Trainee: 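Before we start, here is the structure in question, set down as structure tokens.
What you see is a predicted model; the values in this text were computed from it and never measured.
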Amino acid sequence: MRRSLPRYVLLLCFVLSSGVLQAQTVDPAETRKLHAFFDAQWERGLRESPERASLNGDRRFNDRWSDLDLDAIAARHQATRDALAELGTIRREALSSEDRLNYDVMQWQLERSIQRHRFGQHLLPVSHRGGPQTMGQIAASLQFNSARDYRDWLARMRAVPQRLEQVTALMREGMASGHVPPRVLMQRVPPQIAMQIVEDAQSSQFYLPFRRFPDTIPAIERTALQAEAKQVIVDAIVPAYRRFAAFFDEQYLPVTRDSIAATDLPDGKAWYDFLAETFTTTDLTAEQIHQIGLREVARIRGEMEKIREEVGFQGDLAAFFEHLRTDPKFFYKTPEALMEAYLAISKRIDPETVKIARTIPRMPYGVRPIPDNIAPDTTTAYYQGPALDGSRAGFYYVNLYRPEVRPTWEMMALSLHEAVPGHHFQIARAQELGELPKFRRSGGFTAYIEGWGLYAERLGYDMGLYEDPYDRMGQHAYDMWRAVRLVVDTGMHAKGWSRQQAIDYFLENAPKTEADITNEIDRYIGNPGQALAYKIGQLKISELRERAEQALGADFDIRDFNDAVLETGAVPLQVLEAHIDGWIAARQDR
């Protein structure tokens with residue numbers, strides 16, 4: 001049975017669709033209390049996650065890492081419970097409609113943070129895609145403009161051994177409670193740890209900032225900072241990683257589990273149900289999501305057949321997939337050539353965004369290669385958002401490892417998704433919504449964020465970027481990729497599918513290379529439920545666009561619709577639907 005809509009959705013539906021409201025009584029004292037609460041929670045989040053503060057451009061905590069001591073984690077959980085109780089003392093009925101929405105989004109996030117804690121995921125601190133073995137990578141996203149910036153980084157470097165000890169303690173607790181990851185993923189981690197055990201300190205990731213200095217730092221101070229960095233790497237960081245490697249290889253890896261399903265963890269079924277609901281912001285069950293995936297797979301196969309016929313390929317769809325995976329004409333020979341092609345595509349896309357939006361984010365973005373130490377084990381690309389204070393642009397990271405498995409036909413759809421008008425467009429735009437509290441401008445709901453990213457791939461048609469049939473095949477391949485996710489994620493975590501069964505299903509229905517597919521499947525194993533958000537979000541945004549086109553007819557303008565989708569910042573899908581319904585009604589009245 002479907003649950004009723006949350007109260008904030010009912011309110012928003014009324015506010016946005018009724019047209020005329022009775023005068024609202026807003027209490028300024030309650031409004032001030034609410035925004036002071038938001039500010040306090042934002043500040044708490046920065047203190048508790050110095051890495052997040054650093055990435056947002058706030059340098060106050062640049063000399064430390066998040067505290068992963070079990071007592072500190074328990075204290076943060078209690079602080080979240082206290083925050084929810086404090087929020088409950090604010091009279092929601094005395095707030096404006098905008099602040100009621102802010103209130104409800106904060107409540108949603110606090111409640112789910114509290115629920116998440118009981119599943120013990122903090123006892124799984126190592127992923128094959130990140131963890132203590134990749135700590136040094138944050139340096140590439142920091143600003144080093146003064147001697148203090150370098151000294152702060154040295155303080156973080158000196159704290160690496162303590163951080164590794166804390167992670168080890170969490171892993172030991174997980175071993176005792178049954179919270180251990182699948183062995184098939186953890187087998188990827190030892191080479192990543194080994195890359196931190198360097199013979200030459202200057203080749204360490206942690207040394208990266210000391211390779212260049214601003215002119216304002218005198219030469220003698222540069223030499224001293226470099227010498228100290230080398231000493232810390234040799235005396236502290238490398239020995240700490242050696243100890244961590246020994247623990248991981250000798251004690252942890254042997255007790256990791258053979259199974260892959262989230263349901264095999266303690267309270268695993270409830271955990272996966274929670275993840276599906278949280279990531280999709282819906283009440284869809286795993287079985288319902290699985291069936292949606294099967295229907296989408298069948299639909300997209302039909303579109304792929306049309307492309308196969310258009311290019312005159314002689315053979316069935318399976319043979320066409322193999323052709324797309326293996327024909328040398330679809331691949332660059334060197335990482336450098338692949339990088340140049342990504343840069344060229346980005347420059348081709350940028351000027352066409354005026355066709356699909358009136359409001360263009362002011363913040364620029366750049367294109368960077370994925371770091372070498374994680375490139376073999378991660379996906380084709382990802383996006384890193386700008387700093388909230390504007391001190392760092394957004395970056396589109398592309399995987400240059402083994403260019404012979406990175407087909408050219410996927411590059412357009414991928415770039416539309418990860419850069420513009422996808423993630424960079426949406427996230428930078430949200431950060432520029434200055435009237436919203438900071439937690440709304442920088443926070444996120446995966447179904448909205450990734451749903452927009454996948455929807456943005458289709459905007460390539462509106463932008464005139466899919467003239468080449470192979471680029472269109474790439475768009476269908478990426479659409480299929482996200483449809484397959486619904487099937488294999490629920491298959492592995494709720495229906496007993498094996499890893500190989502999931503890989504085979506993916507290979508059968510998409511032309512992505514087997515290397516990419518294997519990395520994708522392992523990503524879904526390691527991050528259950530997250531992959532469900534993309535297609536569910538895209539389907540909702542596409543449904544709303546169709547609804548607006550039908551309701552507005554000749555008055556529909558894709559630029560206005562896209563602006564309306566993005567003007568809320570990231571919200572649950574039901575809130576987005578209520579907002580667009582109100583936008584349609586207002587357009588009709590006008």
Trainee: Give a yes or no on whether Arg358 atom CZ has more than 12 heavy-atom contacts from other residues, nucleotides or ligands under 6.0 Å away.
Mentor: yes
Trainee: Identify, with sequence neighbours excluded, every residue that meets ring pair (Phe, Tyr, Trp, His ring centres under 6.0 Å) alongside Phe61.
Mentor: none
Trainee: Filter on salt bridge (Lys or Arg N to Asp or Glu O under 4.0 Å), then keep only pairs touching residues 363-381, sequence neighbours left out; what's left?
Mentor: Arg188-Asp377
Trainee: Under the 6.0 Å and 45° cation-pi test, does Arg485 pair with Tyr534?
Mentor: yes
Trainee: Quick one: list whatever passes salt bridge (Lys or Arg N to Asp or Glu O under 4.0 Å) with Arg64, sequence neighbours left out.
Mentor: none
Trainee: On the six-membered ring of Trp108, is Arg112 placed so that its NZ or CZ lies under 6.0 angstrom from the centre and within 45° of the ring axis?
Mentor: yes
Trainee: Between the side chains of Glu520 and Tyr524, is a donor N or O closer than 3.5 angstrom to an acceptor N or O?
Mentor: yes
Trainee: With sequence neighbours excluded, tell me which residues meet side-chain hydrogen bond (donor to acceptor under 3.5 Å, both in side chains) with Thr280.
Mentor: Thr282
Trainee: Taking salt bridge (Lys or Arg N to Asp or Glu O under 4.0 Å) as the definition, give me every residue that meets it alongside Asp152, ordered by chain and number, with sequence neighbours left out.
Mentor: Arg148
Trainee: How about Thr380 and Asn399: does a side-chain donor come under 3.5 Å of a side-chain acceptor?
Mentor: no
Trainee: Determine whether the aromatic ring centres of residues Trp481 and Tyr478 are separated by less than 6.0 angstrom.
Mentor: yes
Trainee: Taking atom CZ as the centre, does Arg212 end up with more than 12 heavy-atom neighbours from other residues, nucleotides or ligands that are less than 6.0 angstrom away?
Mentor: no
Trainee: Sequence neighbours excluded, which residues qualify as ring pair (Phe, Tyr, Trp, His ring centres under 6.0 Å) partners of Tyr401?
Mentor: none
Trainee: I'd like to check the ring pair (Phe, Tyr, Trp, His ring centres under 6.0 Å) partners of His424; sequence neighbours left out, ordered by chain and number.
Mentor: Tyr365, Tyr383
Trainee: With sequence neighbours excluded, what pairs up with Tyr466 under the ring pair (Phe, Tyr, Trp, His ring centres under 6.0 Å) test?
Mentor: Tyr461
Trainee: We want to know whether Gln530 and Arg523 form a side-chain donor-acceptor pair, criterion being a heavy-atom distance below 3.5 angstrom.
Mentor: yes
Trainee: Kindly write out the residues that satisfy side-chain hydrogen bond (donor to acceptor under 3.5 Å, both in side chains) with Thr134, not counting sequence neighbours, or none if the list is empty.
Mentor: none
Trainee: Sort and list the pairs that fulfil salt bridge (Lys or Arg N to Asp or Glu O under 4.0 Å) and have at least one residue in residues 434-451, not counting sequence neighbours.
Mentor: none
Trainee: Return the CG to CD1 distance between Asp589 and Ile584, rounded to the nearest 0.5 Å.
Mentor: 12.0 Å
Trainee: Do you see a donor-acceptor pair shorter than 3.5 Å between the side chains of Gln588 and Asp555?
Mentor: no
Trainee: Using the rule ring-ring contact (aromatic ring centres under 6.0 Å, His included), only one of Tyr150, Phe213, Phe210 pairs with Phe144; which is it?
Mentor: Tyr150
Trainee: Does Arg47 have any side-chain hydrogen bond (donor to acceptor under 3.5 Å, both in side chains) partners at least two apart in sequence or in another chain, and if so, which?
Mentor: none
Trainee: Can you pull the salt bridge (Lys or Arg N to Asp or Glu O under 4.0 Å) pairs that have at least one residue in residues 334-344, sequence neighbours excluded?
Mentor: none
Trainee: Pick one: which of Arg59, Arg156, Gln143 meets side-chain hydrogen bond (donor to acceptor under 3.5 Å, both in side chains) with Ser54?
Mentor: Arg156
